[in-house]
Number of protein chains: 2
Amino acid sequence: MLKLSKKADYALVALSHLQATELPASAKEIADRYNLSAQMLANVLKTLTQSGLLASKRGAMGGYALGKRPEHIFLGEVIDAIDGRQSLSDCTSLDKRCSAETNCPAKSPILMIHKKIKQFIDSLTLADIANREILKGVSIDIPFSS
Amino acid sequence: MLKLSKKADYALVALSHLQATELPASAKEIADRYNLSAQMLANVLKTLTQSGLLASKRGAMGGYALGKRPEHIFLGEVIDAIDGRQSLSDCTSLDKRCSAETNCPAKSPILMIHKKIKQFIDSLTLADIANREILKGVSIDIPFSS
DNA sequence: TTCATATCGTACCAAATTGGTACTGATTGT
DNA sequence: ACAATCAGTACCAATTTGGTACGATATGAA
Ligand code: FES
Ligand code: FES
């Protein structure tokens, strides 16, 4: 649980790279650079483009560039685009529902915890991620304790 | 991604129940009460017992009770016990490693984000989870923004 | 003692997800 | 024309997850 898919990993590598170099790059270039499966990365980048996170140019000398400014690319968006929006638990998504349903004592807490985590990853931008120094300073305050 | 397994769900339901009633209960009782697969829940409770989160008593009139005080049962423990300790990404676990390795621009940020989330779930206890009112008041402050 | 109730240990299988590949078509610069 | 490169889609293998089965062991009660 709490695991990023490899595709999401690839997406972050590519986005970080594009953010750092500020130059367009082809899927192959990036794959070679970081020793990733070219075909798989190509699929990932294609998906990111469909979601508007990347801008693409076809043909010779084509490639990918960031589709928005790094400050406007949120980690949550990236994960949603690649893995599809998912809930922390099936019972916190509206369509599916677990058998316990109404009288379940865990449902509401799980939902709240899910919201907190989502809030967190939605608050992180590519710019934040790329800037390690800033990230180091982040602290999550949990103002209650048992 | 970021998904709790159904078994972890079951574990939380059972733990919440035991915390709320303050009475021992058999696997079957709990399964019936919340309409869960009895066999599966039994397996889950067994695992929780092995991890010391529950205390069991065998035979007729046997059953399960909390193995520690609710304030000492951490969400992180529960998840680790059921799903096995996992990392947000394979590259943040020491044994496995992704092909990008050393020159990967995403590795360090992913590791940090992983730590934050882990910190969060490790800070939540069964007592917190059971007490919705307290949980509602929780706010995660992220003191930087883009 | 016998029996019903429970946990314990373990093994197993089916369904879903994820990791990874292949191939064809459409664009575009040289 | 041609090579480079993205777009679309289909496919399969590996892994993980969901879910079941069953024999062994312990315990309380009739
Ligand atoms: S509603 Fe799904 S675990 Fe409670
Ligand atoms: S080291 Fe694994 S994604 Fe970078």
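Below, chain A is the first sequence line, B the second, and so on; all start at residue 1.
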statement: Residue pair A:A27/B:G59 against DNA chain D: nearer the 5' end by closest nucleotide is A:A27
- prompt: Between C:dG29, C:dG25, C:dG19, which nucleotide gets closest to the side-chain atoms of A:R58?
  reply: C:dG25
task: Nearest 0.5 Å please: distance from the CD1 atom of B:I79 over to the CG atom of B:L4.
output: 5.0 Å
task: Send over the distance from A:Y10 OH to C:dT21 P, rounded to a whole Å.
output: 8 Å
task: Could you check B:L54 against B:L15 for side-chain contact (heavy atoms from CB on, under 4.5 Å), going step by step and ending with a plain yes or no?
output: CA-CA 8 Å; B:L54 289 181; B:L15 286 167; 3.7 Å; yes
field: Crowding at NZ, B:K28 (>12 non-hydrogen neighbours, <6.0 Å)
entry: no
query: Where the side chain of B:K7 is concerned, which of D:dC6, D:dA4, D:dG18 is the nearest nucleotide?
result: D:dG18
- prompt: What residues in residues 39-49 of chain A put a non-hydrogen atom under 4.0 Å from any atom of DNA chain C?
  reply: A:Q39, A:M40, A:N43
- prompt: Of all the nucleotides listed (C:dG20, C:dC8, D:dA7), which has the minimum atom distance to the side chain of A:K6?
  reply: C:dG20
task: State which of C:dG19, D:dC6, C:dG29 makes the closest approach to the side chain of A:S5.
output: C:dG19
- prompt: Under 3.5 Å, is there a donor-acceptor pair between the side chain of B:S51 and the main chain of B:L53?
  reply: no
statement: Whole-Å distance, A:D32 CG to D:dA4 P, equals 13 Å
- prompt: Does a side-chain N or O from B:S56 land closer than 4.0 Å to OP1 or OP2 of C:dA6, or not?
  reply: no
query: Does A:E29 offer a backbone N or O that forms a donor-acceptor pair with the side chain of A:D32 under 3.5 Å?
result: no
field: Interatomic distance where OH belongs to B:Y64 and C1' belongs to C:dA6 [whole Å]
entry: 8 Å
- prompt: Which is true for B:K28 with a 4.0 Å heavy-atom rule: it touches a base, it touches only sugar-phosphate, or it touches nothing?
  reply: nothing
task: Check whether any side-chain N or O of A:N43 sits under 3.5 Å from a backbone N or O of A:M40 as a donor-acceptor pair, and report yes or no.
output: no
